[in-house]
Amino acid sequence: MFKFQDLKIREKLILSFLVVSFIPILVLGAVTIIHFRNFALNSSAKEIYNELNFAKFKIMEMTNEAVNIANKLMIDQRLKEILLYRYKSPLEAYLKYSQYKDIENYKTLYANSIYRIRIYSENPTILENGVFYRATKKIKEKDWYKLAVNLNGFIIWDLVRQDEDIYSDYYFSLIRLLRDVYNERFGVLVINLNKLEMKSILNHTSYDTLLVNSDGLVIFSNKEDFIGKTFDIDLQRILSDKGYTYDLNNKKYLVFGVYLPLTGYNKDFYLVSMVPMEIIMREPQRMQRFALTMVFIAFAGSMFFTGIFSRSVSRRIGILNKAVDKISHGNWDLDIPLQGGDEIGRLSENVKMMAKNIKRLNELLMKQKDMKFKVLTNQLNPHFLFNTLETIHMMAVCNEQKEIADMVLKLGKILRKTIESKGTPIKLESEIELIKSYLEIQKYRLGRLNYDIEILTDISEIYVLPFLIQPIVENSIIHGLENKKDGGFIKIKIFKEDERLIISVEDNGIGMSKEKIESLLSNSDGESSKIGMRNTLERIKLFYGEEYGINIESSEGNGTRVDIILPYPPRREMGDVL
């Protein structure tokens with residue numbers, strides 16, 4: 001027999017949504033939004049590119065006229081004579097200038113494109129007249145002037161600040177070193193383009209339009225605030241058909257651009273148009289609101305029918321909710337009177353199982369508390385052991401057993417460091433003191449052990465993991481020196497190498513084969529000394545990184561050298577890695 005409660009909740013929701021055709025309306029709304037958005041973007045992009053190409057054509061006309069003037073002045077012998085002639089008086093210079101009208105004619109003929117023509121000469125007798133200027137030290141230090149001289153006649157384009165004017169300003173300018181065919185230099189030419197004409201051209205575009213060079217420097221713009229600023233615009237992406245999104249002052253723009261080829265050395269310039277996203281997205285957003293309204297109506301209808309179907313499950317959910325509430329108050333043995341094969345029925349079974357698991361977990365926690373209490377009680381034992389060692393030490397001192405007293409004292413230090421260690425980095429100086437105590441004890445035990453500790457770098461502020469060196473030293477004694485009849489020697493050397501801290505432990509013991517070294521690091525047989533070596537290696541890699549660790553160099557009969565490799569300086573922060 002069919003029961004509604006046997007249906008899965010997902011099936012009930014699908015049934016209610018299908019009643020009002022929510023899914024088709026949702027898809028239709030999404031398709032409509034995407035279509036109108038793409039249509040608006042494509043239409044705007046086409047319009048903007050048309051405007052940019054028109055501006056590109058006009059600016060290229062202006063720059064080509066400036067190039068023509070520069071080429072004519074380059075071969076103008078009369079101009080060369082005027083600039084190189086050594087004048088005896090200002091009157092002589094004035095008379096010489098009055099016979100030369102070519103530059104004024106160029107300015108008149110190309111008035112729409114050219115604002116001013118300036119020539120800087122190193123002739124100290126030159127008479128400055130608004131066209132000819134002396135190349136002062138300040139002018140020669142300008143980047144554009146030095147670049148023009150270095151390029152030896154190539155045309156360059158740059159943003160030039162004309163400090164000679166009463167009201168100094170920036171101009172997009174052609175710059176060129178004037179020289180004849182014999183490479184004789186007679187001046188540096190600067191042609192300032194007409195700012196009013198360029199602004200008029202860019203004002204025909206609908207949005208903020210910039211003329212930028214390959215470094216993103218704004219050479220000119222119809223928005224004067226942008227001139228001289230540098231933007232990190234992706235000059236490759238702006239050339240795509242759809243431009244790309246760019247953030248400026250917490251405002252989003254859609255950026256389009258065209259390449260502006262200019263004659264000269266630095267010819268990579270771009271015209272860039274920045275369109276506010278809020279403007280270009282007005283129409284798509286209007287359609288989006290319409291589509292969302294339709295979707296909302298469909299959603300409201302689906303919710304109405306979904307409410308009808310949900311009544312059958314709300315009562316069962318209420319029962320389950322009350323049961324969960326009782327569990328939260330500690331009643332873990334309750335029975336939930338719910339039946340059915342849907343998610344709610346299975347959920348009720350899981351809740352009952354969860355209540356049983358919580359009960360078992362609570363019992364386990366009580367047992368853990370009892371164990372923790374015992375552990376805390378057992379922590380009193382190390383203090384008793386310290387007191388006992390101190391008593392033995394004092395007895396040895398009183399009986400003038402200095403070696404026993406010294407050995408007990410060093411053992412106490414090692415034991416205290418072992419118990420007090422929390423796994424956090426300690427000063428390397430403290431670790432060295434621990435190693436000294438350990439080696440002194442081993443000297444008493446073996447009777448034929450010598451050691452030397454050489455520190456070649458400042459370790460006063462160096463911190464390392466605790467017990468980092470002791471397992472290596474212990475391994476040298478056990479595997480290298482215990483079976484050596486004629487005594488042993490361990491040398492510990494600490495130094496810095498290539499931004500790394502190297503702690504080297506070297507012995508003159510019996511050495512190891514390659515297979516022995518691999519076995520030592522793999523800890524395949526579980527031997528305690530190998531556990532210490534492998535544990536040290538894993539701690540280093542876990543805390544400092546995979547590029548750090550232990551390097552072993554040894555051969556049978558020739559001793560062993562173990563290098564502990566750490567970053568310099570080693571990190572001090574601790575996570576939950578140890």
Apply side chain to side chain contact (heavy atoms under 4.5 Å, CB included) to the pair L468 and I564, showing each step before the final yes or no.
CA-CA 9 Å; L468 198 64; I564 301 174; 4.2 Å; yes
Does any N or O in the side chain of [X] come within less than 3.5 Å of the main-chain N or O of [Y], such that one atom is a donor and the other an acceptor?
| X | Y | answer |
| --- | --- | --- |
| E553 | V562 | no |
| R185 | D180 | no |
| S200 | L196 | no |
| T108 | E104 | yes |
| D234 | Q236 | yes |
| E65 | I114 | no |
| N249 | K251 | no |
| K541 | Y548 | yes |
| S113 | Y110 | no |

Are [X] and [Y], when compared by the centres of their aromatic rings, separated by less than 6.0 Å?
| X | Y | value |
| --- | --- | --- |
| W144 | Y171 | no |
| Y259 | Y270 | yes |
| F269 | F172 | yes |
| Y97 | F132 | yes |

Check: [Y] and [X] side chains under 4.5 Å, non-hydrogen atoms:
| X | Y | result |
| --- | --- | --- |
| I550 | I472 | yes |
| L52 | F256 | yes |
| Y544 | P570 | yes |
| R539 | P466 | yes |
| L147 | I175 | no |
| S221 | K229 | no |
| V188 | I119 | no |
| L456 | I494 | no |

Walk me through whether E47 and Y49 qualify under side chain to side chain contact (heavy atoms under 4.5 Å, CB included).
CA-CA 6 Å; E47 178 184 353; Y49 276 120; over 6 Å; no
If you look at every heavy atom in [X] and [Y], which pair is closest and at what distance?
| X | Y | result |
| --- | --- | --- |
| I238 | Y244 | CG2-CE2, 3.5 Å |
| I191 | A70 | CD1-N, 4.1 Å |
| G130 | R116 | O-CD, 4.1 Å |
| L260 | M60 | CD1-CG, 3.5 Å |
| S173 | N192 | OG-ND2, 2.7 Å |
| N194 | A111 | ND2-O, 3.2 Å |

Looking at [atom1] of [X] and [atom2] of [Y], how far apart are the two atoms once the value is rounded to the nearest 0.5 Å?
| X | Y | atom1 | atom2 | value |
| --- | --- | --- | --- | --- |
| I540 | I565 | CD1 | CD1 | 8.5 Å |
| K58 | N112 | NZ | CG | 9.5 Å |
| L174 | I69 | CG | CD1 | 9.0 Å |
| M74 | K80 | CE | NZ | 11.0 Å |
| L73 | L178 | CG | CG | 6.5 Å |
| I453 | I492 | CD1 | CD1 | 4.5 Å |

Do NZ/NE/NH1/NH2 and the carboxylate oxygens of [X] and [Y] come within less than 4.0 Å?
| X | Y | result |
| --- | --- | --- |
| D163 | K142 | yes |
| E538 | R534 | yes |
| E122 | R134 | no |

Output, in order, the C-alpha distance, side-chain angles, deciding distance and verdict of ring-ring contact (aromatic ring centres under 6.0 Å, His included) for Y120 and Y133.
CA-CA 5 Å; Y120 296 89; Y133 293 85; 5.6 Å; yes
Evaluate side chain to side chain contact (heavy atoms under 4.5 Å, CB included) for T245 paired with L254, printing each intermediate quantity in order.
CA-CA 5 Å; T245 303; L254 197 59; 4.0 Å; yes
Residue pairs, two or more places apart or on separate chains, that pass salt bridge (Lys or Arg N to Asp or Glu O under 4.0 Å) and touch residues 189-204:
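Checked against salt bridge (Lys or Arg N to Asp or Glu O under 4.0 Å) - neighbours excluded - the pairs reaching residues 189-204 are D169-K195, K199-E224.
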Row check, Y170 ring normal vs R161 NZ/CZ: under 6.0 Å, within 45°:
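Judged by the rule (NZ or CZ under 6.0 Å from the ring centre, within 45° of its axis), R161 counts as positioned above Y170.
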Can a donor-acceptor pair be found between the side chains of [X] and [Y] at a distance below 3.5 Å?
| X | Y | result |
| --- | --- | --- |
| N123 | S121 | no |
| Y100 | D76 | yes |
| N152 | R176 | no |

Only pairs under 3.5 Å count here: list side-chain donor-acceptor contacts from residues 205-219, not counting sequence neighbours, and write none if there are none.
from	atom 1	to	atom 2	distance (Å)
T205	OG1	L202	O	2.4
T205	OG1	Y207	O	3.3
T205	OG1	T209	OG1	2.7
S206	OG	E51	OE1	3.4
S206	OG	E51	OE2	2.6
T209	OG1	Y207	O	3.1
N213	OD1	D215	N	3.0
N213	OD1	G216	N	3.2
N213	OD1	L217	N	2.9

Counting only heavy atoms not in [X], do more than 12 fall under 6.0 Å of its [atom1]?
| X | atom1 | result |
| --- | --- | --- |
| F495 | CZ | yes |
| K146 | NZ | yes |
| K107 | NZ | yes |

ring-ring contact (aromatic ring centres under 6.0 Å, His included) partners of Y85, counting only residues at least two apart
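Per chain and number, Y85 pairs via ring-ring contact (aromatic ring centres under 6.0 Å, His included) with Y87.
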Kindly determine whether Y463 and L428 satisfy side chain to side chain contact (heavy atoms under 4.5 Å, CB included), including the steps that lead there.
CA-CA 5 Å; Y463 286 74; L428 182 54; over 6 Å; no
